Amino acid sequence: MLKICRFGLFLAMAVSLSGVCAVQAQNATPAPKRFTIYMAAWRGCEEACQGFVDYVKESGMPADVVIRDAKTEKTVLPDFVREVKETRPDLVVTWGTTVTAQMIGPYDAADPSKFIGDVPSIFMIVADPVEAKIAKSFESSGRPFVTGTRNRVPEIIQIRAMLEYRPFKRFGIIYNENELNSKLNAEVVKRAADELSLDLVMLPMPLHDGQPDKADIPGLVQEAADRGVEFLYIGSSSFISVNADIYTKAATELGIPVASSYETSVTDSDALLAIASKYGMVGRLAGYQAKRILMDGIKPIDLPIAALDRHSYIINMAAAAALKLYPPMTLLSYAEIVHQPGKN
Amino acid sequence: MAGVRVRTVAGRLAFLMTVAIFCAITLAVVDGLGRRAVEARLAQSLDAIASAYQSSAEASLDYGLPVNGPGSVESILRPPAVLTDGADGLSLRLERQSAADPRREPVSAPTRDQSGSMVVAERTILDSHGEVSARLILSRSTTGLNEDFRARERALAFGLAGLVILTAGLLLALPPARVLLWPAILFLPATALLLASFGSQLVDISRQAAQLAVADTSSDLARAAQLGIPFEQLVGMQDYLRQQVSSNPAIGRMELSGPSGIAFAAAGDGLGSAVTDLLVASPQSYLLSDFVVEQRLESGVTLRAAVNIQPVLADLMMPVLVSLVLCIAFGAALWVLFVDRVEHAMKLSSALASPALFFCLLFLVFGLQLGASQMDRHWQAWLVAASAAVGFLIPLRLAIPTLMAALAIVALGLWGDAAMLLAGAGLCCGLGLARSPLVLKPVHLAASLLPSVGLLSVWLFDLMPSGPSAKAVVVLLAVLVVPVVRAAGRSTAGQAEATGAGSFAGLATRRAASLFFWLCLFVLQTSGYLLLVIAALRAQGGLPGQYGQSVYLLLCVLLFLLGNQAAARFAHASRLRWILCEICVFGVVLLTAWSHVGDGNLFVTSAIAAMLMGGIAHWTASQSFVRAHETMARSVNAGVGLLAFAVAVSIALSLGEPSSGALPAILLFLAAFAPLAFATIAGLGAPVGRMFSRGSAS
């Protein structure tokens, strides 16, 4: 009996000892570090922001995304900067040119202390990060803690896509000389037109006290029609983008198709087509950049300003029907059609 | 030509057995090659379909559709029901993959699954920034295909048995010499049926791909209709159809006709689409329903696509070439074994060993593999030619020591550089050829191609490692040469001459003038062979498989010998013979120029040219001013022919761009023919009325 008790005692000690060892072994393995990603959104967690969040979730990154919405209010952005400096997240993601300019700031900023500084950051949905002085080039931001994504499709690709829809010899661009972005973009479009041996009619918005007036848009569209323009192109310009309704309606009335670099000109206005990077995909691309920084340990300065490999060809069917300019069959198999008859 | 060995019962039995073995080998080889062609076409077709699905899947994912579930990319891409059911059913699956999943590279080429009843092609689906987001798995059932393979094997066994029984019956009823033709006559339709059954399987595979392309096109048309675009106002239809045809190699032609009679059509480029057009447009097109896929849409639009016949014909090319090569080579072997007047089998095998070894060495250098060597291929061919020429010119008294030395070099070459093996074996060839107890006729040379054909067949099916098997054959043939040289050593020079053996040296001393004409003959044959070798090298892209070039060259050589043999039928009408010879020369020049400079089909024109060249070689070599002695001339002609072939292979292999040698070869062919033509015309003095008379002087 005593032997049995001794054996039982020995067994109990052995079991408890092994249990202690197992617990110690478990304690010895450090829990995987969870990262904190601070997302500064401009107008809620829309497609790009959602694409980023989805990517983080699907990729299995041990990260929590903290979303802060500016609700299109510039005034809250300094508060975001303060919060970042206090909480020091592992990564900051900024949405849009305004948020990025206010939080990351230009590389030649006079007072760097106004910005988030040495916290790694990724920007997305910035039309031209080089022009906005966020990055020094597309190959690298040239800034130790900054990288990002770009969503603008190169102009030459956009013009080729227009040609694929309908061959033309002369096209026009209405641009805002008051916006540096727009002015520079018009020059890029001119170079692309020359490369493709096309005539480009350049129509700058007249300035009244240094400001463009949307009332001038229909007149410029009429002038384009008078000069034999077969296609109109909306390049980079916040002013034109905001007034795309007026622009595209005037063009449709005159039977001129409009191609836009803004997806919204097709989805929300009457532009015929757009070659765009889908925001959801851009968000996922930013997620991929985040993974490379947090999981692969790559420094932001060593990452290029990433762009998507594929773009979306978006066709406005209502505009096509109004213009009696149906898309060619070669495009129908892969284009994304919006405003289909009988839908939305 | 009485069949000496088929007169006895044992001889007839041996004949029957040989016929059965040759037929069985040919059918098995053609069946194996056809099966391989079908499997390769299936893999290629599945690969192309998977690639098409890959781009569609990536585009659909860009729209933001989910990978699986209702309204997913997987459900959109699913093949139409008509293609998913049955023994050849297709199935498509998409597996979601995230960055967190362990990375698994997809297999690069379609593979059979473990049960062997499915072929699977895989593709990775990348998202728009290049990360793997899903895996596409496309599989096709091979149950129907396997069933067809088994049914064909049964039919082959029955067919072979029937062939043997029929031949046995014929052997009882007919004189033996006549029986020889019957297996060939019966065998050809059997081979044709076999090839036709492969063709039918290949068409089925192409038809499945065509059905998918038609379904894809009809879904685009349905989308256009859904978007409210009237059929009459469809934009860019011609470009679209052209794009559909060019991106789907299985389709040769596609046409579309609307309810109001408006029609669009597009056809691919090349011979295949022209043949398809002819087939579809012919009044008997209903017999070719397998070639046409038709679909009628709800909108009243009819979509019609014709299967592209060109890939099917290309796939059948290798089995056709091999079956031709085997038929001719085995036919020649049967003739030599059972009809020729050589009574001792040992003597026969020894006599044929030298040319067999020579051909083997050249084909090993040309496209097969012998072993590692520091020497370039064209130098290896020169080495074979030079060592054979040296062996040919060695005096009789030195023949035995030279043979011993040659065999020693062969033995060293087995473990050393392959060039040594070539040199030693080449020397054996020369020694054997110069002392052959047999006047080498084209049929002997055709039969002596059998070892090369055998090696090629063994390698086509990977039955044995290439290097060791090639070395074994070379050594065996070199050993077989020994009895010929030993027997010649024991006989006198006068006896040797009486049996027809000759040498260049003897010929030159007796009639110096004829040497010039022999030189012309050599140049003529070299340039002719050069054109054939160039054709085989240029045909690289069009011939499937590693050994395609060698098979084609073998066929050309056999056709050359066939032409040579056929030309002997006109032995007595010298003027007709010469007219035919001149016509053949023009034919060769026109055909080769058309294929090398114009857009003639290289395979077909070169094969026809090979036969014509064979005839020219025979007729030019049988002119009175060339031949010092009838039988000796034949022997020397065979030697010149073999040497010319070796030199042609050497030259062709040394050309950086094979096609650059075509024009000089044509010019050389004409230049070498000119003195022969001049001498013949000068010597033809008979009246026109006697032009076609038998035995007129030449």
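Below, chains carry the letters A, B, ... as their sequence lines are ordered, and counting in each starts from 1. Predicted model, so just to flag it, every value in this text is computed and none were measured.
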Run the salt-bridge test on Arg34(A) and Asp64(A) with the 4.0 Å N-O cut-off and return the result as yes or no.
-> yes
Chain A contact via Gln233(B) - which portion, at a heavy-atom distance below 4.5 Å | both
So which of Leu227(B), Thr217(B), Leu126(B), Leu221(B) has the largest heavy-atom pair count under 4.5 angstrom toward chain A?
-> Leu227(B)
Short side-chain donor-acceptor distance under 3.5 Å, Tyr288(A) and Asp127(B) = no
Tell me, out of Leu325(A), Val282(A), Asp309(A), who's got the most heavy-atom pairs with chain B below 4.5 Å.
-> Asp309(A)
NZ or CZ of Arg150(A) within 45° of Phe138(A) ring axis and under 6.0 Å = yes
Measure from the side-chain N and O atoms of Ser260(A) to the backbone N and O of Tyr262(A), and report whether any donor-acceptor pair falls under 3.5 Å.
-> yes
Identify which part of Arg284(A) has an atom lying under 4.5 Å from any heavy atom of chain B, answering side chain, backbone, both or neither.
-> both
Tell me, side chain or backbone of Gln244(B) under 4.5 Å from chain A's heavy atoms, or both, or neither?
-> neither
Could you tell me which portion of Ala335(A) (side chain, backbone, both or neither) has an atom closer than 4.5 angstrom to a non-hydrogen atom of chain B?
-> backbone
Can you tell which part of Leu234(B) gets under 4.5 Å to a heavy atom of chain A, answering side chain, backbone, both or neither?
-> side chain
Given Leu285(A), which of Asn151(A), Leu308(A), Ile122(A) fulfils the side-chain contact (heavy atoms from CB on, under 4.5 Å) condition?
-> Leu308(A)
With respect to chain B, which residue among His311(A), Met61(A), Met317(A) yields the maximal number of heavy-atom pairs within a distance under 4.5 Å?
-> Met317(A)
Output yes when Arg242(B) and Asp239(B) qualify as a salt bridge under the 4.0 Å nitrogen-oxygen rule, no when they do not.
-> yes
Met162(A) side chain near Glu230(A) side chain, heavy-atom distance below 4.5 Å | no
So what's closer than 4.5 Å to chain A heavy atoms on Leu241(B): side chain, backbone, both or neither?
-> neither
